[in-house]
Amino acid sequence: MISEKLPEWLSVLAQRIGVLDVFGGKSPNHVLVNEYLPGQGIMPHLDGPLFHPTVTTVTCGSHTVLDFYTPRNTDAALEPCTSLLLERRSLVVLSDDMYTKHLHGIAEREDDSLTGQEANLDRCSVQQGDLHRGTRISLTLRYVPHTTRLRLQLGK
């Protein structure tokens, strides 16, 4: 990974997350920005060993439901073992087993039916019911332990 300076507005956010001490005394130095339109999601996956085994995500715009899966050694379809409602303007921190041993993903749907089984629903502003997804922007902030400081100069 090649290190680049974060824009000021992202630096402020990274510093605010850094003081939470979720990255072992470090501040996030990597940000991934994704846009999800209603009906879009991301398949269940692990983030891999390149990053510190913690990830933080800020949800902007619309809510979503983040599902977690236990990996299987069979061809059986994955079924979520737990889910979190990510409300707009919320921060979620994944670490330890939730980062290293559970896949996470977002189902491709336009509406989320909250059943009361979501692990964090008692802490959310909505308790149950149907929520229509709008456009969601996610800011995923991580700490990358090994980066290269290389500045490319194109032209003069």
Side-chain angles (χ1 to χ4, degrees), residues 1-69 80 82-112 114 118-127 129-156:
M1 284 230 158
I2 298 174
S3 177
E4 293 183 37
K5 185 176 180 193
L6 294 176
E8 183 61 30
W9 67 275
L10 280 175
S11 293
V12 170
L13 182 60
Q15 290 168 9
R16 292 183 81 180
I17 291 173
V19 300
L20 299 175
D21 198 30
V22 297
F23 296 105
K26 307 287 186 180
S27 288
N29 62 356
H30 179 272
V31 181
L32 176 65
V33 180
N34 282 311
E35 176 185 54
Y36 297 92
L37 300 175
Q40 291 182 324
I42 186 167
M43 64 187 289
H45 66 281
L46 292 171
D47 287 344
L50 178 63
F51 307 106
H52 184 278
T54 300
V55 63
T56 61
T57 302
V58 176
T59 293
C60 303
S62 182
H63 79 283
T64 199
V65 172
L66 182 64
D67 297 314
F68 295 90
Y69 306 82
T82 194
S83 300
L84 294 175
L85 173 61
L86 304 184
E87 294 186 288
R88 68 183 198 91
R89 301 180 65 197
S90 66
L91 170 70
V92 64
V93 179
L94 301 180
S95 62
D96 301 322
D97 285 353
M98 293 309 286
Y99 182 87
T100 60
K101 295 184 180 173
H102 289 81
L103 289 85
H104 57 276
I106 298 171
E108 294 181 339
R109 58 182 173 241
E110 293 188 11
D111 298 286
D112 291 301
L114 305 178
E118 295 78 12
N120 66 330
L121 212 52
D122 62 332
R123 294 182 180 97
C124 294
S125 63
V126 177
Q127 298 304 304
D130 294 332
L131 296 177
H132 182 73
R133 288 186 189 172
T135 299
R136 175 177 175 260
I137 306 294
S138 69
L139 305 172
T140 301
L141 295 95
R142 302 176 174 109
Y143 175 70
V144 181
H146 305 289
T147 61
T148 301
R149 295 194 181 274
L150 173 70
R151 177 171 269 166
L152 296 177
Q153 292 183 350
L154 301 175
K156 289 200 176 221

Exercise for the section: Quick one: closest heavy-atom pair of Tyr36 and Gly41, and the distance? Expected result: CE2-O, 3.8 Å
Completion exercise
For Glu35, the side chain to side chain contact (heavy atoms under 4.5 Å, CB included) test, sequence neighbours excluded, returns Leu37, Thr135, Ile137
Problem - From CD (Gln40) to CZ (Arg136), nearest 0.5 Å - result: 11.5 Å
Exercise for the section: Please name all residues satisfying side-chain hydrogen bond (donor to acceptor under 3.5 Å, both in side chains) with Asp96, sequence neighbours left out, ordered by chain then number. Expected result: none
Problem - Rounded distance [0.5 Å steps], OG1 in Thr82 versus NE2 in His104 - result: 14.0 Å
Problem - Residue list, ring-ring contact (aromatic ring centres under 6.0 Å, His included) with His102, at least two apart or on another chain - result: none
Practice task
Please lay out, stage by stage, how Val92 and Thr59 fare under the test side chain to side chain contact (heavy atoms under 4.5 Å, CB included).
Solution key: CA-CA 8 Å; Val92 64; Thr59 293; 6.0 Å; no
Exercise for the section: Would you kindly say whether Asp47 and His45 are connected by a side-chain donor-acceptor distance under 3.5 Å? Expected result: yes
Handout entry: Pro28 vs Tyr143 side-chain heavy atoms within contact, under 4.5 Å
Key = no
Practice task
Report yes or no: does Glu87 contribute a side-chain atom to a donor-acceptor pair with the main-chain N or O of Ser125 at less than 3.5 Å?
Solution key: yes
Problem - Non-hydrogen atoms of Tyr69 and Gly105 that approach each other most closely - result: CE1-N, 4.1 Å
Problem - Heavy atoms of other groups near Arg16 CZ, more than 12 under 6.0 Å - result: no
Handout entry: Atom pair NE2 (His63) and OG (Ser90), whose distance is rounded to the nearest 0.5 Å
Key = 11.0 Å
Practice task
Measure the shortest side-chain to side-chain distance between Leu20 and Leu91 over non-hydrogen atoms and say whether it is less than 4.5 angstrom.
Solution key: yes
Handout entry: side chain to side chain contact (heavy atoms under 4.5 Å, CB included) evaluation trace for Thr57 with Leu66
Key = CA-CA 11 Å; Thr57 302; Leu66 182 64; over 6 Å; no
Problem - Arg109 backbone acceptor or donor facing Arg133 side chain under 3.5 Å - result: yes
Problem - From Thr140 atom OG1 to Asn34 atom CG, the distance as rounded to the nearest 0.5 Å - result: 6.0 Å
Problem - Least distance between heavy atoms, Gly134 atom then Ser62 atom - result: N-OG, 2.8 Å
Exercise for the section: Look only at the side chain of Thr56 and the backbone of Leu141, and say whether a donor-acceptor pair between them is shorter than 3.5 Å. Expected result: yes
Problem - Residue pair Cys60 / Leu139, side-chain heavy-atom distance below 4.5 Å - result: yes
Practice task
To the nearest 0.5 angstrom, please state how far the CG atom of Asp67 sits from the CD1 atom of Ile42.
Solution key: 12.5 Å
Handout entry: N/O donor-acceptor pair under 3.5 Å between Asn29 side chain and Val144 backbone
Key = yes
Completion exercise
When rounded to the nearest 0.5 Å, the distance separating NZ of Lys101 from CZ of Phe68 is 15.5 Å
Handout entry: Polar side-chain atom of Glu110 near backbone of His132 as donor-acceptor pair, under 3.5 Å
Key = no
Handout entry: Any donor-acceptor N/O pair, Asn120 side chain to Leu85 backbone, under 3.5 Å
Key = yes
Handout entry: Under 3.5 Å donor-acceptor, Ser95 side chain and Thr54 backbone
Key = no
